[in-house]
Amino acid sequence: MALTLADQDKTTLRTAAYGAVSLLAAADATGSPHKAATEGSIALASATGPIGHVLAAKTKDIKLDGKSVAELADHVLPALTAAMSLLNKQDPAEADNFRNTVNVAVEAVARTHQGRPSPTLADMIRKITAALDAA
């Protein structure tokens with residue numbers, strides 16, 4: 001099955017993936033947000049296949065408006081669910097690739113935290129995982 005993505009679809013995928021990393025970096029006030037965002041972004045940019053090509057494109061179309069973690073989550077969590085729904089309809093294998101890629105990025109962000117993740121960070125990881133599985 002071939003994956004055909006419109007520009008808006010690509011924007012949704014980028015917003016979802018990079019938004020998840022940004023959301024985790026913002027939610028982890030006790031860690032190093034810059035290092036977390038860097039590690040997560042590197043993981044996303046290292047993806048392969050059609051999803052990797054979409055995520056590796058350097059664009060300014062990622063829409064992450066919001067001045068608080070809650071406002072950011074209002075954009076990111078629905079984008080994750082929309083991305084998974086879109087990919088599941090077009091190519092379930094690429095949906096799995098996207099889910100795995102985001103999970104690797106989430107793990108990369110979590111590794112930057114010293115010790116056990118804070119309850120806030122752990123809760124945000126659960127919400128991201130649930131959004132990926134909702135579709």
Side-chain angles (χ1 to χ4, degrees):
M1 188 180 270
L3 184 64
T4 305
L5 298 171
D7 288 342
Q8 182 59 42
D9 298 336
K10 293 175 184 178
T11 296
T12 299
L13 295 176
R14 289 183 195 112
T15 299
Y18 285 96
V21 168
S22 298
L23 185 57
L24 290 174
D28 187 18
T30 62
S32 172
H34 179 73
K35 183 176 181 181
T38 299
E39 293 297 320
S41 294
I42 289 169
L44 293 176
S46 300
T48 59
I51 294 302
H53 289 283
V54 171
L55 297 179
K58 303 294 184 206
T59 64
K60 296 181 187 222
D61 64 349
I62 299 172
K63 296 176 171 69
L64 296 174
D65 300 330
K67 296 188 187 320
S68 69
V69 173
E71 290 174 338
L72 189 56
D74 288 344
H75 292 283
V76 173
L77 298 175
L80 284 164
T81 301
M84 288 303 298
S85 179
L86 165 77
L87 292 170
N88 276 325
K89 287 177 187 171
Q90 286 202 26
D91 190 339
E94 284 305 315
D96 287 340
N97 187 17
F98 181 79
R99 180 185 294 109
N100 291 337
T101 298
V102 172
N103 283 332
V104 166
V106 166
E107 290 170 10
V109 171
R111 278 193 307 269
T112 65
H113 187 78
Q114 299 296 325
R116 293 185 57 161
S118 68
T120 304
L121 184 61
D123 184 51
M124 200 54 63
I125 290 170
R126 280 190 296 276
K127 288 178 181 179
I128 289 169
T129 302
L132 287 168
D133 293 340

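Because only heavy atoms are used, hydrogens play no part in the values below, and waters and symmetry mates are left out as well, while side chains stay in.
- A distance of 7.5 Å separates CD1 of I62 from OG of S22, quoted to the nearest 0.5 Å.
- Between V102 and A20, the closest heavy-atom pair is CG1-CB, 4.2 Å.
- Distance alone, capped at 3.5 Å, places no donor-acceptor pair between the N97 side chain and the A93 backbone.
- Atom-to-atom distance recorded for E94:CD and L13:CG is 10.0 Å, nearest 0.5 angstrom.
- Although no hydrogens or angles enter the test, the distance criterion places no donor-acceptor pair under 3.5 Å between the side chain of E39 and the main chain of T112.
- Residue V109 comes nearest to A36 through the heavy atom pair CG2-O, 3.3 Å, listed as atom of the first residue, atom of the second, then distance.
- D9 places no side-chain N or O within donor-acceptor distance of the main-chain N or O of L86, the cut-off being under 3.5 Å.
- With T38 contributing its side chain and H34 its backbone, the two residues share a donor-acceptor pair below 3.5 Å.
- Nearest approach of L80 to A131, heavy atoms of both residues: CB-CB, 3.9 Å.
- Both L3 and V54 are members of a single hydrophobic cluster when ILVMFWY side chains are connected at heavy-atom separations under 4.5 Å.
- Rounded to the nearest 0.5 angstrom, T101 OG1 and L44 CG are separated by 7.5 Å.
- When every heavy atom of Y18 is checked against every heavy atom of A45, the shortest pair comes out as OH-N, 3.8 Å.
- Between the side chain of N103 and the backbone N or O of R99, at least one donor-acceptor pair lies under 3.5 Å.
- Taking every heavy atom of both residues into account, A26 and L72 meet most closely at CB-CD2, 4.3 Å.
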May I have the step-by-step check of side chain to side chain contact (heavy atoms under 4.5 Å, CB included) for V76 and T15, ending in yes or no? CA-CA 7 Å; V76 173; T15 299; 5.6 Å; no

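- Judged purely by atom type and a 3.5 angstrom limit, D91 has no side-chain atom pairing as donor or acceptor with the backbone of L87.
- Although no hydrogens or angles enter the test, the distance criterion places a donor-acceptor pair under 3.5 Å between the side chain of E71 and the main chain of K67.
- V104 and A43 get closest at one heavy-atom pair: CG1-CB, 4.1 Å.
- Rounding to the nearest 0.5 angstrom, the gap separating the CE atom in M84 from the CG atom in D133 is 7.5 Å.
- To the nearest 0.5 Å, atoms CD1 (I51) and NE2 (H53) are separated by 10.5 Å.
- In the hydrophobic cluster analysis, where Ile, Leu, Val, Met, Phe, Trp and Tyr join through side-chain heavy atoms closer than 4.5 angstrom, M124 is grouped together with L64.
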Between L23 and L77, does a side chain to side chain contact (heavy atoms under 4.5 Å, CB included) hold up when you go through it step by step? CA-CA 9 Å; L23 185 57; L77 298 175; 4.3 Å; yes

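- Here S41 contributes atom OG and L55 contributes atom CG; the two are 10.5 Å apart, rounded to the nearest 0.5 Å.
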